[in-house]
Chemist: 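My questions will all concern the structure given below.
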Protein chains: 2
Amino acid sequence: MPERKPRKDAVRNRAAVLEAADALFARCDRPDDVTMADIAAEAGVGKGTLFRAFGDRVGLIRALYEARLEPVEEAVTSGPAPLGPSAPPHLRVPALLDALLCFKLDNRHLALALEGTGSDSPYGAAHYERWHALLRGLLEQVPGHGDGGFAAHALLAATRADLVEHLAGRESVPRDRLRAQLADFTAGVLGTRREPA
Amino acid sequence: MPERKPRKDAVRNRAAVLEAADALFARCDRPDDVTMADIAAEAGVGKGTLFRAFGDRVGLIRALYEARLEPVEEAVTSGPAPLGPSAPPHLRVPALLDALLCFKLDNRHLALALEGTGSDSPYGAAHYERWHALLRGLLEQVPGHGDGGFAAHALLAATRADLVEHLAGRESVPRDRLRAQLADFTAGVLGTRREPA
DNA sequence: AACAATACGGACCACCGGTCCGCTTTGCAA
DNA sequence: TTGCAAAGCGGACCGGTGGTCCGTATTGTT
């Protein structure tokens, strides 16, 4: 059994750090304004604790991001239609993208902090791989597409955190309008765009 | 006459710095491995010279990027079809995106360095505004589209530097295949996809 | 109660972007 | 050619950041 049970204070501190980091990222708009020392202070722990628990800055942000994303992934892998596996591809694809967009809207600070990690591109993250593989598989079930792999990347790129931030934040595009625009774009890609009124 | 003629050594050093930076970024794959001190040393000047000439790191990278991009923009604004203004929108849009993709393939290191500037999103840059406005205008001339603004953002997002790097670099997708994939995706968005053979 | 094992925390380090100011180069003018 | 102010130079220097280290405090097990 390589798994050793962690100590109580360890798990308590880990939780405290995650909560503190979330609060700080939500408060400040520039993600790099939040330093590791800030997070440690807010959580009431020492800096060493942060790095022991999460390895480095990216690890901390990633842990936070994936914790927040987990409910969405749960809904995708084993929830009801249109997000869950029971939905037909041409309905599930836009539902997935909408869910992702909503998630990024609701967690702009986190998504921005994670994707803006400079040296570490979003394309190395495990969750990106999962989403891409899922989307690719669905796209290839929709007729009239050559390579679903690139289309999947392109559609995911349309929900990139800094683009969302630019539109929703800087240009103040309302949430529902953005969702409608993404849905419209997705429909175009799928070839299922509705007739103009 | 607010313009004062710059001294000779100033222009010589400026050119040397740009060349040195280009070489260093091309050599190393991680853009932040290249420090300002490295660039200064490679160019044979002092660090102060870098900052006086370009303001800060972003300024230097941006200057380099825009210098390299300028021929492409020239071809777009006043060249022949299909890139120039004489081409009809449904041909010019894919031509523009292809040109952009090729540019990013040929200048991966630069594009990566510029877009990976962390705190500074690509959406604030002047050249992004130009490309977006142009693309949006063209898209709105193609029938069957609601808001060309979002579609323009999404298409541009499909050529983001880190995505290109991931596909062309990490996954070794050959240049022509990538171009074909982007062309196919673009055709889908425009509703001009050709019949499967 | 005693004692490993584990975790804590903040002093400490290396390094980076950016500033500053005494010195050199340039080019105009006499 | 010489004189001279302005423009430019460069590298020591600074503030601050991510990340490390190790003496000390906290666990929980016997």
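Hydrogens, waters and symmetry mates are skipped; everything else that's a heavy atom, side chains included, is used. Residue numbers start from 1 in every chain, and the chains themselves are labelled A, B, ... in the order their sequence lines are given, proteins ahead of strands.
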Chemist: At under 4.0 Å, does any side-chain N or O of A/N13 touch on OP1 or OP2 of C/dC8?
Modeler: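 For A/N13, the contact criterion (side-chain N or O under 4.0 Å from OP1 or OP2 of C/dC8) is met.
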Chemist: Once you round it to whole Å, what is the distance between C1' of C/dG17 and CZ of B/F54?
Modeler: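 Checked: the CZ to C1' distance equals 16 Å.
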Chemist: Looking at A/Y128 versus A/H153, is the centre-to-centre ring distance below 6.0 Å?
Modeler: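 Here the rings of A/H153 and A/Y128 have centres that are less than 6.0 Å from each other.
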Chemist: Measure CG/A/D33 against P/D/dG16 and give the value in whole Å, please.
Modeler: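 From A/D33 CG to D/dG16 P: 13 Å.
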Chemist: Return the 5'-most residue of the pair B/R14, A/G55 with respect to DNA chain D, ranking by each residue's nearest nucleotide.
Modeler: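 First, find each residue's nearest nucleotide; the 5'-ward one identifies B/R14.
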Chemist: Rounded to whole Å, how long is the line connecting atom CD1 of B/I61 with atom C1' of C/dG17?
Modeler: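 The distance from CD1 of B/I61 to C1' of C/dG17 comes to 12 Å, rounded to the nearest Å.
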Chemist: Donor-acceptor pair, A/S78 side chain versus A/E74 backbone, under 3.5 Å?
Modeler: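 It does hold such a pair.
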Chemist: Any N or O donor-acceptor pair linking the side chain of A/K47 to the base of D/dG19 at under 3.5 Å?
Modeler: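 Check passes, donor-acceptor contact within cut-off.
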Chemist: Can you tell me how far C1' of D/dG10 sits from CD1 of B/I39, to the nearest Å?
Modeler: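 Going from CD1 in B/I39 over to C1' in D/dG10 covers 16 Å.
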Chemist: Which whole-number value in Å describes the distance from A/R57 CZ to D/dT17 C1'?
Modeler: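 Distance, rounded to whole Å: 9 Å.
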Chemist: Would you mind checking if A/D106 and A/R175 are paired as a salt bridge, meaning a charged N to carboxylate O distance below 4.0 Å?
Modeler: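 Counted as a salt bridge, because a side-chain N and a carboxylate O are separated by less than 4.0 Å.
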Chemist: Are B/F25 and B/L112 side-chain neighbours, meaning at least one heavy-atom pair lies under 4.5 Å?
Modeler: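 No. Closest side-chain heavy atoms not under 4.5 Å.
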Chemist: Given atom CZ of A/R30 and atom P of D/dT17, what is their separation to the nearest angstrom?
Modeler: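 Interatomic distance, CZ of A/R30 to P of D/dT17: 16 Å.
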Chemist: Taking N or O atoms only and anything under 3.5 Å, show me the protein contacts with nucleotides 22-26 of chain D, one pair per line.
Modeler:
{"unit_1": "D/dT26", "atom_1": "O2", "unit_2": "A/R7", "atom_2": "NH1", "d": "3.0"}
{"unit_1": "D/dT26", "atom_1": "O2", "unit_2": "A/R7", "atom_2": "NH2", "d": "3.3"}

Chemist: Would you kindly give the CG-to-P distance between A/D38 and D/dG16, to the nearest whole Å?
Modeler: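 In whole Å, D/dG16 P lies 12 Å from A/D38 CG.
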Chemist: Would you say C/dA7 has OP1 or OP2 under 4.0 Å from some side-chain N or O of A/T49?
Modeler: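 Looking at the OP1 and OP2 atoms of C/dA7, neither is under 4.0 Å from any side-chain N or O of A/T49.
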Chemist: Does B/Y65 have its ring centroid less than 6.0 Å away from the ring centroid of B/H127?
Modeler: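 Here the rings of B/H127 and B/Y65 have centres that are less than 6.0 Å from each other.
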Chemist: Report the distance from atom NZ of B/K8 to atom C1' of C/dT24, rounded to the nearest whole Å.
Modeler: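 Answer to the nearest Å: 18 Å.
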Chemist: Is B/R27 salt-bridged to B/D38, cutoff N-O under 4.0 Å?
Modeler: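 No, B/R27 and B/D38 are not salt-bridged.
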Chemist: Determine yes or no for a side-chain-to-main-chain donor-acceptor pair under 3.5 angstrom, with B/D56 supplying the side chain and B/G59 the backbone.
Modeler: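 It does hold such a pair.
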Chemist: Return whichever of B/T35 or A/P6 has its heavy-atom-nearest nucleotide of DNA chain C closer to the 5' end.
Modeler: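 The 5'-side residue here is A/P6.
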